[in-house]
K.L.:
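Shown below is the structure under consideration.
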Amino acid sequence: ASQSYNWKMNTEVTQKVIIADDSNALRVVLSSFFKELGYSVVSLLKDGVNVLQNVERYDADIVCLDYHMPKKDGLETLKDLHEQYPDVAVVMITGDENPEIHEIATELGADGFITKPFSQDQIAAEMKKVSSALNSIKRIRKNSFDHSTKVSDKTAVIVDDSETMRRLLQVILEDIGINVVGEGLNGQQAIDLVKEKVPDLLCMDIEMPVKDGISALAEIKGLYPEVQVIMITSLGDKKTVVDAIQKGASGYILKPYDPELVEKEIQKVLSDSTVDDIDSLFDPA
């Protein structure tokens with residue numbers, strides 16, 4: 001059974017949101033719900049034409065974009081946003097289940113997806129994932145994240161189909177001294193990047209398009225057993241963890257990231273500590 005998400009107002013949320021959708025009714029509904037969640041909705045737009053100007057005007061943190069809009073559609077707007085404002089998170093809104101469109105949006109830098117017909121739980125969970133990452137990035141960049149001894153002379157590749165998650169993990173890794181030498185969006189790209197870069201560490205999501213992380217893990221460890229692999233997921237079920245460990249994963253971290261727990265897991269993996277207690281992965285305290 002699916003769990004109900006606690007979506008009541010979060011007083012810590014401070015992000016400014018722009019909603020661009022050609023449905024006035026949907027704009028109003030999303031705006032009302034986002035405000036309940038604690039976001040500041042600064043602009044409602046019916047197409048993508050003025051999105052970039054509004055991002056600049058309001059210093060927006062998150063843009064929610066519909067795929068299908070007149071004059072300038074969501075994908076074109078997403079491309080321009082990612083090029084000009086790479087730190088702004090973009091959540092795509094769609095009723096189109098075409099996997100090719102989803103893949104294109106991911107490659108263009110989409111951070112999350114709200115799929116119609118959607119529930120309040122789905123929206124809240126997706127927005128929380130994005131906003132938590134943005135908050136962590138800002139905190140680390142302001143040097144308020146108190147990390148332990150820095151790692152030196154280590155390289156890493158990050159593979160995740162979420163732009164925000166990759167960006168956050170890169171900030172965490174670089175903050176502790178690890179050089180990120182490559183980023184990918186799916187399991188096949190993970191394999192290709194490991195072959196090209198042969199990093200010390202691979203941080204790889206489990207649920208990804210084209211080729212999932214578990215399938216890629218088995219192939220990577222067969223080719224490069226010396227590469228340490230940390231699996232990333234929001235699933236958190238023990239069966240998936242056991243499967244990943246059996247296929248060669250050295251560690252496991254859950255979304256949304258807690259920077260201190262991520263650093264702890266990375267330090268443990270790079271010190272060649274073995275996973276001897278699966279339960280500890282779910283209760284890292």
K.L.:
Taking 4.0 angstrom as the limit, do Glu260 and Lys264 come out as a salt bridge?
P.N.:
no

K.L.:
How far does OG of Ser162 sit from CD of Glu126, to the nearest 0.5 angstrom?
P.N.:
8.0 Å

K.L.:
Test Ile18 against Val88 for side-chain contact (heavy atoms from CB on, under 4.5 Å), laying out the working first.
P.N.:
CA-CA 11 Å; Ile18 292 173; Val88 174; over 6 Å; no

K.L.:
Parallel, tilted or perpendicular: which fits the ring planes of Phe34 and Tyr39, with parallel below 30° and perpendicular above 60°?
P.N.:
perpendicular

K.L.:
Is any side-chain heavy atom of Leu201 closer than 4.5 Å to one of Lys154?
P.N.:
no

K.L.:
Flag yes if Ile191 and Val210 sit in one hydrophobic cluster, no otherwise; membership is Ile, Leu, Val, Met, Phe, Trp, Tyr, and two members link when side-chain heavy atoms are under 4.5 Å apart.
P.N.:
no

K.L.:
Would a 4.5 Å heavy-atom cut-off, applied to side chains only, mark Glu56 and Gln84 as touching?
P.N.:
no

K.L.:
Is any NZ, NE, NH1 or NH2 atom of the basic residue among Glu76 and Lys79 found under 4.0 Å from an Asp or Glu carboxylate oxygen of the other?
P.N.:
no

K.L.:
Which value, rounded to the nearest 0.5 Å, describes the distance between Ile266 atom CD1 and Ser271 atom OG?
P.N.:
12.0 Å

K.L.:
Can you confirm whether Leu30 sits close enough to Val17 that some side-chain heavy atom of one is under 4.5 Å from a side-chain heavy atom of the other?
P.N.:
no

K.L.:
Considering the options Asp47, Asp66, Asp80, which one meets the salt bridge (charged side-chain N to carboxylate O under 4.0 Å, His left out) requirement together with Lys72?
P.N.:
Asp80

K.L.:
Tell me whether Val41 shares a hydrophobic cluster with Ile123, the cluster being built from Ile, Leu, Val, Met, Phe, Trp, Tyr side chains joined at under 4.5 Å.
P.N.:
yes

K.L.:
Do Glu226 and Val198 touch side chain to side chain, with heavy atoms closer than 4.5 Å?
P.N.:
yes

K.L.:
Output the distance between atom CZ (Arg27) and atom SG (Cys64), rounded to the nearest 0.5 Å.
P.N.:
13.0 Å

K.L.:
Are Lys35 and Ser31 packed together at the side-chain level, in the sense that at least one heavy-atom pair is separated by less than 4.5 angstrom?
P.N.:
yes

K.L.:
Minimum heavy-atom separation for Thr77 to Gly48, with atom names?
P.N.:
OG1-CA, 3.4 Å

K.L.:
When you compare the side chain of Met69 with that of Val49, does any pair of heavy atoms fall below 4.5 Å?
P.N.:
no

K.L.:
For Leu134 and Arg167, run side-chain contact (heavy atoms from CB on, under 4.5 Å): C-alpha distance rounded to whole Å, both residues' side-chain angles, the deciding distance at 0.1 Å, then the answer.
P.N.:
CA-CA 9 Å; Leu134 291 177; Arg167 191 186 316 141; 3.9 Å; yes

K.L.:
Got a second to check how far Leu78's CG is from Glu83's CD, nearest 0.5 Å?
P.N.:
9.5 Å

K.L.:
Is there side-chain contact between Tyr67 and Ile104, with heavy atoms separated by less than 4.5 Å?
P.N.:
no

K.L.:
Apply side-chain contact (heavy atoms from CB on, under 4.5 Å) to the pair Val90 and Tyr85, showing each step before the final yes or no.
P.N.:
CA-CA 10 Å; Val90 180; Tyr85 300 97; over 6 Å; no

K.L.:
State yes or no: do Leu185 and Leu168 share one hydrophobic cluster built from I, L, V, M, F, W and Y residues joined by side-chain heavy-atom distances below 4.5 Å, directly or via other members?
P.N.:
no

K.L.:
Decide whether Ile137 and Ile253 are clustered together by the hydrophobic rule: side chain heavy atoms of Ile, Leu, Val, Met, Phe, Trp, Tyr closer than 4.5 Å, transitively.
P.N.:
yes

K.L.:
Let me check something: do Val29 and Leu45 share a hydrophobic cluster, defined by ILVMFWY side-chain heavy atoms less than 4.5 Å apart, either directly or through other members?
P.N.:
no

K.L.:
Hey, could you give me the OG/CG distance between Ser215 and Asn186, rounded to the nearest 0.5 Å?
P.N.:
11.5 Å

K.L.:
CD/Glu196 to CD/Gln189 distance, rounded to the nearest 0.5 angstrom?
P.N.:
11.5 Å

K.L.:
Taking it one step at a time, do Ile101 and Met92 satisfy side-chain contact (heavy atoms from CB on, under 4.5 Å)?
P.N.:
CA-CA 11 Å; Ile101 294 180; Met92 302 301 296; over 6 Å; no

K.L.:
Report yes if some heavy atom in the side chain of Val227 is under 4.5 Å from a heavy atom in the side chain of Val157; otherwise report no.
P.N.:
no

